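First the structure, in the form of structure tokens, and then the observations on it.
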Amino acid sequence: MTTEHPVLSTHGVSIRFGGHIAVNNVSCEFRPGTLTAIVGPNGAGKTTYFNLMSGQLSPTAGTVRLYGEDVTHLGAPQRTKRGIGRAFQLTNLFPNLTVLENVRLTVQSRAGLGLNMISMWGSHVELIEKAEHFLHVTALSERRHELAAALSHGDKRKLEIAILLALEPDIFMFDEPTAGMSVDEVPVVLDLIHHIKALGDKTILLVEHKMDVVRSLADRIIVLHNGYLVADGDPAEVMASPIVQEAYLGTGMADHV
Amino acid sequence: MIRTLLSRDLPRSRPLSAMLLVVLLGLMLAPFLVSGARSLNVAATICVFVVLVASYDLLLGYTGIVSFAHTMFYGIGAYGVGLALHGMGPSWWAVFVGTAGALSLSLVLALVIGLFSLRVRAIFYAMITLAVASAFSVVASQMSDFTGGEDGRTFKVPEILQPSFRLFDAEILGRVVDGKLITYYLVFFSALALFLFMLRIVNSPFGRVLQAIRENDFRAEALGYRTVIYRTLANCLGALIATLAGVLMALWLRYVGPKTMLSFEVMTDILLIVVIGGMGTIYGAVIGSALFILAQNYLQVLMAQASAAMSGIPFLANLFHPDRWLLWLGVLFVLSVYFFPTGIVGRLRIKALLRGRP
């Protein structure tokens, strides 16, 4: 169900940290109904590129557009409200709040109830039920009353994804969702991504190192290398291209490709 | 009913419930339990400090904002009502004008400080509040024609609150119903209402966002919460409630002065109480204030007795000499931080937490 207009696009975005240019003049468009994998060796600028799109960073040059609107100078909260949902690579939770509360706060943000000072949080039962639902689909229900800090690494990653789902975004940004997960936990996450993809109208961006995962999910691959966009296109094509082979050979990732 | 009043944030620990009940009943019945102006003064001070410390907990414990300007807002409230009563004479209209003026000034200052500096890192914010508070304190003592300078101002309160006022001739439980008693209950019930209001705020959806910001402001932003707005609102709320605490204290003391209302000592007292009681609990303000103010007022008396009892033993008698009470207060503080890093309330709630209740 690919439509013509891109929901999210970057136009010549660059960001410079001191003398280092982490992302260099990257232009790219993302359309609904497609899953784009972003690959590249460590330090290629993948996470930085994500941060530029979801609003954690502002580019030194270039523009970011969301549904055609220039959002370059909007912060993360405003972009989240416009439909971007982001899961972080290094788990980024509310450590001393319960698992349920981590997700409930997300649902509450979606419901726009954050500024309500008069009612009790517990009286908004519908928010709690909705949060419970997202814990259920990520297989975290049994941990709902534990503090996020007490979770295992795999469960933290799942909670990260539960929060992303609870944002109910149009654009899902996964930053290495399965990194560090045990073998039996990975399918839960991949099934969820498959499920989101099957909805048909969502835009999914996925940073992932595991090439088998990329191959099974991606409709399109873009390759970042030293901050440059070096390849963009159909998965089979991109993987066969010499520049990718070279980029990956350089970091010893060739056997994964 | 009680659950709603407490916003479903129950003490969650039997010893804590018992302690809170003792403090509540003690303060509620204080005029009939103790005699003498000093003890009633201690009780009123506890009431005011519960509000003042809880409003600081809203910032430090819930939102993670370190501010040193809290006494400034407390002072604005006290000076506002004090100077209005001094200048306009003892009427309720003056109380109203003073309170409204103080609240507006606090709101403006909190907004300005907040919008300018809540964007910067926490340490810079703390420094800015420190600078503004010191400047304010200096200005207040320098404008002596207006504020009474270092001496402060004594003033008359509306007639019904004056000590010489009698509501009726008969006594209740052996106590005349005079203006002092009425003022005490004005302070007590105002403090109770403000406390319950704050308990509601921290358990509202808004209060939950504050905790999220304290935990991880970066993530709160990624969820769609604009943290600058939430921080600024929390800052304003804390400032307004501290202002009201100052109003109550001025009405009770019938005096305002820089030493009792604006000095940095008040700020350190607030910090000590919030840490001893337990940050991020609101209830900690009650337990902390009661213990701290009692110790501040009676440790000296207690030590005089201990010292007298040990008069035969040279070293110990010296160690417990009443003049050393500050030393012992310091020791008590260090010990309480060492053994209860999460404060008394945090410590008492651990069991409930282990039982897995949310």
Side-chain angles (χ1 to χ4, degrees), chain A residues 51 54-56 74-88 91-124 127-128 143-150 160 163-164 166-167 169 173, chain B residues 3-10 58 61-62 64 119 196-234 236-238 240-241 279-281 342 346 350 352-358:
Chain A
N51 283 335
S54 57
Q56 273 74 28
L74 293 184
Q78 290 99 323
R79 295 194 202 183
T80 303
K81 289 233 155 70
R82 283 165 171 76
I84 285 190
R86 170 81 191 272
F88 291 87
T91 47
N92 203 336
L93 308 163
F94 303 112
N96 294 309
L97 302 180
T98 62
V99 169
L100 176 61
E101 184 61 11
N102 268 271
V103 181
R104 202 201 59 82
L105 274 163
T106 316
V107 178
Q108 178 182 296
S109 173
R110 272 281 294 166
L113 272 169
L115 289 170
N116 182 330
M117 301 184 190
I118 302 305
S119 65
M120 287 176 268
W121 69 269
S123 59
H124 296 279
L127 301 189
I128 301 173
R143 308 247 178 281
R144 62 164 81 83
H145 293 317
E146 285 177 32
L147 296 184
E160 188 76 39
I163 290 174
L164 174 58
L167 278 172
M173 300 176 75
Chain B
R3 281 169 65 85
T4 307
L5 265 180
L6 297 181
S7 307
R8 286 191 221 160
D9 185 4
L10 304 175
L58 208 61
Y62 280 87
R119 287 174 172 277
L196 292 176
F197 173 61
M198 282 185 275
L199 202 57
R200 171 55 62 94
I201 288 178
V202 300
N203 287 295
S204 69
F206 174 77
R208 289 276 155 158
V209 181
L210 297 187
Q211 293 174 56
I213 291 171
R214 175 197 68 197
E215 288 291 309
N216 188 343
D217 58 344
F218 176 81
R219 181 50 141 170
E221 289 254 320
L223 294 191
Y225 296 115
R226 297 185 67 179
T227 55
V228 168
I229 292 176
Y230 286 87
R231 283 212 179 98
T232 307
L233 276 174
C236 291
L237 272 172
L240 291 179
I241 297 170
M279 284 193 283
T281 60
T342 50
I350 280 182
L353 217 71
L354 291 181
R355 255 182 274 132
R357 278 199 270 163

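Protein chains get the first letters and strands the later ones, always in sequence-line order, with residue 1 at the start of each. All values reported here derive from a predicted model rather than from experimental measurement.
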Notebook entry, point to check: Under a 4.5 Å heavy-atom cutoff, which of Glu215(B), Arg226(B), Arg8(B) has the most pairs with chain A?
Noted result: Glu215(B)

Margin query: Please report the interatomic distance CZ(Arg200(B)) to CH2(Trp121(A)), rounded to the nearest 0.5 Å.
Written below: 13.0 Å

Check: What distance do Leu115(A) atom CG and Phe206(B) atom CZ have between them, rounded to the nearest 0.5 Å?
Finding: 7.0 Å

Item checked: Donor-acceptor pair, side chain of Tyr225(B) and main chain of Ser109(A), under 3.5 angstrom -> yes

Item checked: Residue Leu233(B) versus chain A: region with a heavy atom under 4.5 Å -> side chain

Margin query: Please check: side-chain N/O of Arg219(B) versus main-chain N/O of Asn92(A), any donor-acceptor pairing under 3.5 Å?
Written below: yes

Next item on the list: For chain B, find which of Ile84(A), Ile163(A), Leu113(A), Leu127(A) contributes the most heavy-atom pairs closer than 4.5 angstrom.
Entry: Ile163(A)

Next item on the list: May I ask you to name which of Asn96(A), Leu97(A), Leu167(A) has the most heavy-atom pairs under 4.5 Å with chain B?
Entry: Asn96(A)

Notebook entry, point to check: Asn216(B) side chain to Phe94(A) main-chain N or O, any donor-acceptor pair under 3.5 Å?
Noted result: no

Margin query: As an exercise, state the distance from CD of Glu101(A) to CZ of Arg208(B), rounded to the nearest 0.5 Å.
Written below: 4.0 Å

Note to self: Using a strict threshold of under 4.0 Å (side-chain N to carboxylate O), is an ion pair present between Arg86(A) and Glu221(B)?
What the structure shows: no

Notebook entry, point to check: In Å and rounded to the nearest 0.5 Å, what is the CG to CG distance from Leu223(B) to Asn102(A)?
Noted result: 8.5 Å

Next item on the list: Look up atom CE in Met120(A) and atom CG in Asn203(B), then write down how far apart they are to the nearest 0.5 Å.
Entry: 8.5 Å

